[in-house]
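Basis for what follows: all heavy atoms, side chains included, without hydrogens, waters or symmetry-related copies. Quick caveat, the model's predicted, so the values are computed rather than measured.
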Protein chains: 2
Amino acid sequence: MSTRSRSARRAVGITEVARHAGVSPGTVSNVLNRPERVAEATRLRVEAAIAELDYVRNSSGSSLRSGRSESVGLLVLDVTNPFFTEVARGVEDEAAASGLAVVLLNSAEARQRQRRNVRLLAEQRAAGAVVMPVDDDLSDLLWLSRQGTSWVALDRGDVAEDVGCSVSVDNHEGGRAAGRHLIGLGHERVTFLTGPFAIEQVRRRHEGLRAAFEEAGLDPEGAVRVVEQPLLNPEQGERAVDAVLAGGPRQRPQAVFCANDQLALGLMKGLGQRGLRVPEDVSVVGYDNLDFADLVHPGLTTVAQPKYELGREAMRLLDSELNDPQHVHERVLFTPELVVRGSTAVYRA
Amino acid sequence: MSTRSRSARRAVGITEVARHAGVSPGTVSNVLNRPERVAEATRLRVEAAIAELDYVRNSSGSSLRSGRSESVGLLVLDVTNPFFTEVARGVEDEAAASGLAVVLLNSAEARQRQRRNVRLLAEQRAAGAVVMPVDDDLSDLLWLSRQGTSWVALDRGDVAEDVGCSVSVDNHEGGRAAGRHLIGLGHERVTFLTGPFAIEQVRRRHEGLRAAFEEAGLDPEGAVRVVEQPLLNPEQGERAVDAVLAGGPRQRPQAVFCANDQLALGLMKGLGQRGLRVPEDVSVVGYDNLDFADLVHPGLTTVAQPKYELGREAMRLLDSELNDPQHVHERVLFTPELVVRGSTAVYRA
DNA sequence: CACTCGGATTGAAACGTGTCAATGACTGGC
DNA sequence: GCCAGTCATTGACACGTTTCAATCCGAGTG
């Protein structure tokens, strides 16, 4: 408790601790990393010295020497999106259990930024990464593998098993479930409101929707119309309302299946402004089951994804890849679940 | 393009690049860090070698040597909360402009986890940090200062200027604005629905609300009732509806001011289930202006905070603290703004 | 008592980078 | 043609840690 408070910032290292405890630096390192190899008495002495000097380990030094750091990266498409943040929670909880630190990096949906973040991970010699790729181009990830950093792809089912692990949710099945629900309610003219088809996930949801119609003996060509917007946010949903309603009351869809909840919520707002009631005039189905889907009125019928579990499983796979010498790449596929609320109802002409 | 693809992972360092370019390691380091000091011709030669060998810098080495890393930490209370993620975007954009990497760490509202994250930053010798403290106890931050890592506190206006910078939004003013709005609409009996009063921010919003009543010549003691819930999430808002309505129609509040939007949205759902209409039967005001405030029906009147700007300013301050030798701690205070939507209306008995 | 064996501890050698004083090369002025 | 002066480059060292072969000690065995 000396008073040399602010100036003369010291650099207590492992060596100073060693001197203070009357022991060699190697022993201090052992206390830190393999306590079982050091005798009880000396261990206590070293620990006392650590506490007294307020030593904090310098991770630069250790990861320089060992060639690997203790942290894993989580590359997320958009920190602002509730879907991703829920996944992040899962990853974090599981990582904490394995004693790994998570650094969360935001790609902001931009290829260039993803590349920068991947590079950052390589520079930090990160132990591994959980990644949601911005697009179909996996070259960044392959490069990362070559640098010796392993990864797990999230929500990207088409990653071949010989390049890496992946965990995702069956988008085809999700679209199909939504379709069956609507068909069961008697809807035979539905619009798929979506973001860019360049996104694999929405493409597959669309296919699933069409499959449901085929299975019901209906022609998807006539039954399913598509409205494509440039982004998957609420504003675009609101803006799409004219396109959705185009063609007048006769052509108007009986139901709208939206590629995510944000579009759906925007659309519902837009419909309300046009004086159309949900579900009386048109049914709406979303995708993701965000917290807010339950807060609007009427509650949004939507396809729920196990977001938190998705994150946990990804981290679990990464952990196995890091520690299990006979790990083989795996492809985990979750099944989504339809949550029925008030925004869908039986069709009445 | 040899075929020795996967095995024999190399360790191309600065020295190998140097050898390949026929220069000394020092020169390569200069090319990387102070390109202006090296002649054009050699610079090109070195850059070619870097590209050819696919060299990626090892940040462990560099921060070990320089004693400081190139990344700043962002300690957030809850990655899941839209308010914080918007702030995160601001911090990230500004940091990117300064060439700093942001590592996002989640405290999950838990003291213990905040402490672990602060320690992690110290171990990584982070250049600095932007922190939203979990509670009034700033000892973790003071410890971080002593370790030589500087920080900016976010949304915590009571940080003395001699310990560090802070940027926050005037919560008193926000509460006051909400109060004045409600009073102007004729409401004289309002309930403040809130989370724990241990949280400074909600305490100050409450004070602001009361101040508005006093300024209008009304006695806050009689006019403002408080319902306190353990958490600030939608579920708690929904659950609070009974407490809010307690006392029967005569005692029932004419308006409810909620400490954040999530509570407000939950409350609105609960009110709807009880058959009460917003705003006809009761007006509701939120706080934060989340994206979803505009998507519910009726739209939620709320107090908007400049979330993104908050993040940017915090990072800007941190940058100044890191680079400006004559930096002095600063306290920046933003003013919130009331956004009026459909959830509030003139009181009619 | 000599010898072995096992566990605890040591000491020195890396890991890849930044820094800085010293060296080298080259230019222009006299 | 020499010197001063500038600019580019070099080489060696230090940062804090981990690792590993070598050493030390003490107990158990023959």
Partner residues of A:S59 under the side chain to side chain donor-acceptor pair (under 3.5 Å) criterion, sequence neighbours left out: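 Testing A:S59 for side chain to side chain donor-acceptor pair (under 3.5 Å), a comparison that skips the adjacent residues, returns none.
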Once each nucleotide of nucleotides 9-25 of chain D is scored for protein heavy atoms under 4.0 Å, what B/S/- sequence comes out, 5' to 3'? SB---BBBBBB------
Not counting sequence neighbours, which residues clear salt bridge (Lys or Arg N to Asp or Glu O under 4.0 Å) with A:E40? List them please.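 Once residues adjacent in sequence are excluded, the partners of A:E40 under the salt bridge (Lys or Arg N to Asp or Glu O under 4.0 Å) criterion are A:R43.
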What residues, two or more places apart in sequence or in another chain, satisfy side chain to side chain donor-acceptor pair (under 3.5 Å) together with A:R57?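 Once residues adjacent in sequence are excluded, the partners of A:R57 under the side chain to side chain donor-acceptor pair (under 3.5 Å) criterion are A:S62.
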Would you please name every residue forming a side chain to side chain donor-acceptor pair (under 3.5 Å) with B:R115, sequence neighbours left out?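 Expected list: B:D140.
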Got a sec, which residues hit salt bridge (Lys or Arg N to Asp or Glu O under 4.0 Å) with B:E330, two or more places apart in sequence or on another chain?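 With sequence neighbours excluded, B:E330 shows a salt bridge (Lys or Arg N to Asp or Glu O under 4.0 Å) to no residue whatsoever.
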Mind listing the side-chain donor-acceptor pairs of residues 309-317 of chain B below 3.5 Å, one per line with the distance, residues two or more places apart or on another chain?
from   : atom 1 : to     : atom 2 : distance (Å)
B:R312 : NE     : B:E94  : OE1    : 3.4
B:R312 : NH2    : B:E94  : OE1    : 2.9
B:E313 : OE1    : B:R316 : NH1    : 2.7

Does anyone know the first and last nucleotide of DNA chain C in reach of chain B, 5' to 3', at under 4.0 angstrom to a heavy atom?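 Contact boundaries, 5' end first: C:dG16 to C:dT19.
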Let me check the geometry of the helix from C:dC1-D:dG30 to C:dC30-D:dG1. What is the bend angle between the axes at its two ends, five pairs each, to 10°?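 Its terminal axes enclose an angle near 50°.
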Partner residues of A:S98 under the side-chain contact (heavy atoms from CB on, under 4.5 Å) criterion, sequence neighbours left out: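 A:S98: side-chain contact (heavy atoms from CB on, under 4.5 Å) contacts with A:L100, A:D319.
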Is the closest basic N to carboxylate O distance between A:R156 and A:D136 below 4.0 Å?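 A salt bridge links A:R156 with A:D136.
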side-chain contact (heavy atoms from CB on, under 4.5 Å) with A:R119: which residues, sequence neighbours excluded?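 For A:R119 the side-chain contact (heavy atoms from CB on, under 4.5 Å) partners, ignoring immediate neighbours, are A:E123, A:W143, B:V56.
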Side chain to side chain donor-acceptor pair (under 3.5 Å) with A:H329: which residues, sequence neighbours excluded?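 A:H329 satisfies side chain to side chain donor-acceptor pair (under 3.5 Å) with no other residue.
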